[in-house]
Amino acid sequence: MLGEFEDGQALFDGETPSESTKGLLQFCENFEQAGAKTQAFVAELEKHGLLMDGEVAIQQDGIEQPFVYRGFRMIDEAKLRDLRGDVLRSMNQNGMLPIIYAHLFSLQLIREIFGRQVQMGKGPVPAAA
């Protein structure tokens, strides 16, 4: 029926949005805000030349060719270390540094996560020679 969610809840209570509709609208607003924050964050990283093309090669026991992951961007640690103090202070004050370091720590876990996926039988399949 028009004016209802699939589960039968009404879209509106009279002229005003129902609680379910308000919840969905709030979710959409939060999603848009998060996207805008992410774009601003990435723009700031690019402004300071901190992003580089990422590539990770993971060698698995018994398989000659390593698995290579490309097509992502990552923080260049050398450029981060060389940032001027005022830029680092600004990044610290606006909350960027914890996110940057969380990213760097997560990169160190890629091989461990890959190994766990393989153990669970959910790893990639080697390409045919």
Side-chain angles (χ1 to χ4, degrees):
M1 172 186 240
L2 189 60
E4 290 183 354
F5 290 101
E6 279 188 22
D7 63 2
Q9 293 182 5
L11 292 172
F12 292 92
D13 292 330
E15 296 288 319
T16 61
S18 69
E19 288 303 313
S20 296
T21 301
K22 287 178 187 177
L24 286 173
L25 291 171
Q26 186 62 52
F27 171 82
C28 291
E29 184 177 329
N30 292 344
F31 186 83
E32 287 295 320
Q33 288 175 357
K37 287 180 182 179
T38 300
Q39 285 178 336
F41 180 80
V42 171
E44 189 71 13
L45 294 175
E46 288 176 340
K47 173 181 157 185
H48 297 291
L50 292 176
L51 290 177
M52 65 182 197
D53 290 333
E55 181 174 306
V56 176
I58 300 174
Q59 188 69 48
Q60 189 178 6
D61 292 338
I63 298 177
E64 185 177 328
Q65 289 286 77
F67 291 98
V68 179
Y69 293 95
R70 294 183 185 97
F72 63 95
R73 307 274 286 163
M74 58 190 268
I75 302 287
D76 185 328
E77 288 186 71
K79 289 183 179 178
L80 179 63
R81 281 191 298 274
D82 290 339
L83 278 181
R84 295 187 335 247
D86 61 325
V87 174
L88 282 171
R89 187 179 320 104
S90 174
M91 288 181 168
N92 185 47
Q93 290 171 342
N94 68 23
M96 287 181 69
L97 280 184
I99 298 168
I100 289 170
Y101 284 108
H103 162 73
L104 293 173
F105 293 143
S106 74
L107 290 175
Q108 295 173 8
L109 296 175
I110 289 176
R111 285 174 178 78
E112 183 179 329
I113 292 169
F114 179 87
R116 288 182 184 181
Q117 286 179 320
V118 169
Q119 286 176 347
M120 294 169 54
K122 297 182 179 183
V125 177

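Every value quoted in this text rests on a predicted model; they were computed, and no experiment measured them.
- When hydrophobic clusters are built by joining Ile, Leu, Val, Met, Phe, Trp and Tyr residues whose side-chain heavy atoms come closer than 4.5 Å, directly or via intermediates, Ile99 is grouped together with Ile75.
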Donor-acceptor contacts under 3.5 Å from residues 43-57 side chains, at least two apart:
from  : atom 1 : to    : atom 2 : distance (Å)
Glu44 : OE2    : His48 : NE2    : 3.0
Asp53 : OD1    : Arg73 : NH1    : 3.0
Glu55 : OE1    : Arg70 : NE     : 2.9

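- Leu24 CG to Gln9 CD: the interatomic distance, rounded to the nearest 0.5 Å, is 9.0 Å.
- Environment of CZ in Phe72: crowded, with over 12 heavy atoms of neighbouring residues, nucleotides or ligands closer than 6.0 Å.
- With values rounded to the nearest 0.5 angstrom, Leu109 atom CG is found 11.5 Å from Leu104 atom CG.
- Put simply, Leu88 and Phe105 are part of the same group of oily side chains (I, L, V, M, F, W, Y) that touch within less than 4.5 Å, one to the next.
- Taken from CD in Gln33 to CD in Gln26, the straight-line distance is 7.5 Å, to the nearest 0.5 Å.
- Although no hydrogens or angles enter the test, the distance criterion places a donor-acceptor pair under 3.5 Å between the side chain of Thr38 and the main chain of Ala34.
- Formation of a donor-acceptor pair under 3.5 Å by the Ser18 side chain with backbone atoms of Leu11 is found in this model.
- Using cut-offs of 30° and 60° on the angle between ring planes, the pair Tyr69 and Phe114 is perpendicular.
- Closest of all the heavy-atom pairs between Asn94 and Met91 is OD1-O, 2.9 Å.
- Atom CD of Gln59 has more than 12 heavy atoms from other residues, nucleotides or ligands within 6.0 Å.
- Proximity of a side-chain donor or acceptor of Thr21 to a complementary backbone N or O of Phe12 within less than 3.5 Å is not detected.
- By the rule that hydrophobic residues join a cluster once side-chain heavy atoms approach within less than 4.5 Å of another member, Ile110 and Met120 end up as members of separate clusters.
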Checklist entry - Please walk me through it: do Phe41 and Ile100 pass side chain to side chain contact (heavy atoms under 4.5 Å, CB included)? => result CA-CA 10 Å; Phe41 180 80; Ile100 289 170; 3.9 Å; yes
